[in-house]
Protein chains: 2
Amino acid sequence: MSGQAGAMAASPAASKSQLAYEWIHGRIVSGALGPGSRLVLSQVAAELDISVVPVREAVRRLEAEGLITFEKNVGATVAGIDPVEYLYTMQTLSLVEGAATALSAPSVRRADLDAAREVNGRMHAMLADFPENFDPVRFTQLNHDFHSVLFEHCPNPHILDLVHRGWNRLTALRGSTFSFVPERAPESVEEHEVLLQLIERGAPTAEVELAARRHRSATLDAYLARTDAHPAFPVL
Amino acid sequence: MSGQAGAMAASPAASKSQLAYEWIHGRIVSGALGPGSRLVLSQVAAELDISVVPVREAVRRLEAEGLITFEKNVGATVAGIDPVEYLYTMQTLSLVEGAATALSAPSVRRADLDAAREVNGRMHAMLADFPENFDPVRFTQLNHDFHSVLFEHCPNPHILDLVHRGWNRLTALRGSTFSFVPERAPESVEEHEVLLQLIERGAPTAEVELAARRHRSATLDAYLARTDAHPAFPVL
DNA sequence: CTCGGCTGGATCGTATACGATCATCGTATA
DNA sequence: TATACGATGATCGTATACGATCCAGCCGAG
């Protein structure tokens with residue numbers, strides 16, 4: 001469901017500011033605009049056949065969400081070249097996603113669990129092709145779908161919003177700092193099942209949170225292990 | 001220090017958009033603009049003697065930070081009337097502040113600890129006037145100063161930013177949903193000391209995080225206990 | 001007296017125009 | 001050849017103007 005660019009573009013008479021926002025956002029998360037790409041307001045305006053004012057507004061919003069940086073007489077550039085930045089994003093996501101998953105747990109229904117299991121099954125199936133013929137992009141996509149099911153019921157809209165932003169940043173960053181750690185794939189699938197069982201049997205909130213957080217932290221640790229960019233990075 | 005509008009108006013040639021942002025932001029967190037206040041772009045522009053375009057941009061930023069809501073042909077209104085909204089904010093703040101405090105712990109220096117203790121001492125002194133002649137606003141202010149010292153060293157800028165936003169929202173909300181729970185004041189001071197000792201002796205990250213989170217959660221629990229707005233609210 | 005439609009005002013959304021600032025590139029000189 | 005300096009272009013920041021949309025109050029009909 002999250003594959004398309006515009007997400008929900010249902011409104012026919014959306015404001016042009018919104019249009020510009022969704023257009024740029026889509027181009028970033030779809031990978032059409034890689035990190036470091038320059039983005040000139042007037043060009044975007046011309047492309048969308050609108051004025052620069054709404055574009056400017058959209059850029060500001062995206063800046064607030066951390067997807068781009070905006071410099072004074074230089075223009076807007078898609079953020080995320082810095083690997084340290086990537087670590088910060090992962091750490092933050094670990095925090096908020098763990099909380100969202102834990103808060104969602106009581107509201108997760110049978111159908112959700114089944115759907116998540118089905119997705120995880122497909123991830124498991126992909127492991128057969130590991131490591132050759134393995135499609136990390138597809139795997140990452142499924143991974144996102146899996147976790148979506150588990151955190152989307154989060155009753156706290158703030159936390160949920162932070163989770164979405166984190167995933168967006170992460171998606172935008174793929175390509176430059178390529179995050180995926182293939183060695184972790186098999187463990188990931190196992191940990192997913194553990195997480196499902198925890199939720200299934202109504203484990204305490206704190207326990208679910210810890211498990212979800214650990215799951216991501218482990219990935220981050222694996223990433224840190226093979227890079228020496230940031231030796232001692234405290235993982236919550 | 002927070003009484004003035006501009007807060008830090010050090011930069012002489014700040015953009016007008018920034019000017020508008022700081023002006024509105026200051027009026028909100030200082031309480032001059034209570035929740036529900038309407039804010040008309042053209043009026044603000046006239047007040048600051050600038051055009052509406054930068055004001056509009058500032059409003060969008062503030063909207064992204066959750067301080068105001070912006071409706072199409074109605075205008076901008078300062079957010080935060082809903083008590084449920086308050087709970088969500090507290091819950092989120094509990095999460096991110098706990099993390100920020102834990103991540104800051106290794107970088108907290110002797111001088112910081114002393115400063116925090118000094119602030120907490122002043123809070124302790126205020127308890128003498130409890131419950132009569134007790135100034136909750138002043139107490140809340142000191143509380144913020146205390147925690148600031150403990151989380152400001154957080155190396156992750158994202159998390160730190162979230163903490164700031166949370167506090168801003170909380171500060172903006174005071175007045176309507178009055179959060180302060182007087183009964184908690186003595187315990188608060190004690191818990192602060194516990195937190196200081198944990199950091200002082202270099203306790204593990206997870207332990208510090210838990211303590212910091214518990215500290216806030218307890219306040220939230222106390223708030224929930226005396227209100228029946230939201231019976232079962234899962235506190236992380 | 002109440003209800004429905006209509007007119008007027010207010011506010012936002014966007015387009016266009018102009019000025020300010022900075023990066024870039026070419027050129028002259030040591 | 002390397003470096004400092006100045007002209008040029010590009011881009012952003014803001015002001016102003018106009019159109020679109022919505023809310024409020026009034027007026028007339030039932």
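Reminder, nothing fancy here: chain letters follow the sequence lines and each chain counts from 1.
Under 4.0 Å is where a charged nitrogen must lie from a carboxylate oxygen, and between B:R122 and B:E118 at least one such pair does. Between A:R169 and A:E85, at least one side-chain N (NZ, or NE/NH1/NH2) sits under 4.0 Å from a carboxylate O, which counts as a salt bridge. A salt bridge does not link A:R60 to A:E57: none of the charged side-chain nitrogens sits closer than 4.0 Å to a carboxylate oxygen.
Of all the heavy atoms in B:R165 and B:A64, the pair that sits closest is NH1-O, 4.0 Å. A pairwise comparison of heavy atoms in A:P54 and A:A20 identifies O-CB, 4.4 Å as the closest pair. Between A:A79 and A:T69, the shortest heavy-atom contact is CB-CG2, 4.1 Å.
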Return one dot-bracket line describing DNA chain C 5' to 3' (Watson-Crick or G-U wobble pairs, both distances under 3.5 Å; ( ) same strand, [ ] crossing, | another strand, . none).
-> ||||||||||||||||||||||||||||||
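Going from atom CD1 of B:I199 over to atom CG of B:L113 covers 6.5 Å, rounded to the nearest 0.5 Å.
Using a 4.0 Å cutoff on non-hydrogen atoms, the parts of residues 64-76 of chain B near DNA chain D are B:K72, B:N73, ordered by number. A heavy atom closer than 4.0 Å to some atom of DNA chain D occurs in A:V40, A:L41, A:R56, these being the qualifying members of residues 40-57 of chain A.
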Under 3.5 Å, sequence neighbours excluded: what are the donor-acceptor pairs made by side chains of residues 101-109 of chain A?
| from | atom 1 | to | atom 2 | distance (Å) |
| --- | --- | --- | --- | --- |
| A:T101 | OG1 | A:E97 | O | 2.8 |
| A:S104 | OG | A:A100 | O | 2.8 |
| A:S104 | OG | A:L150 | O | 3.4 |
| A:S104 | OG | A:F151 | O | 3.0 |
| A:S104 | OG | A:H153 | N | 3.4 |
| A:S104 | OG | A:C154 | N | 2.6 |

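Looking at residues two or more places apart in sequence or on another chain, you find a side-chain contact (heavy atoms from CB on, under 4.5 Å) between A:L41 and A:V55, A:R56, A:V59, A:F70.
Checked by atom type, the side-chain pair B:E22/B:Q18 shows a donor-acceptor distance below 3.5 Å.
Note that the first and last nucleotides of DNA chain C, 5' to 3', having any atom under 4.0 angstrom from a heavy atom of chain B are C:dT11 to C:dT14.
In this pair, B:W167 and B:H144 present their aromatic rings perpendicular. The plane angle is above 60°, beyond the 30 to 60° band.
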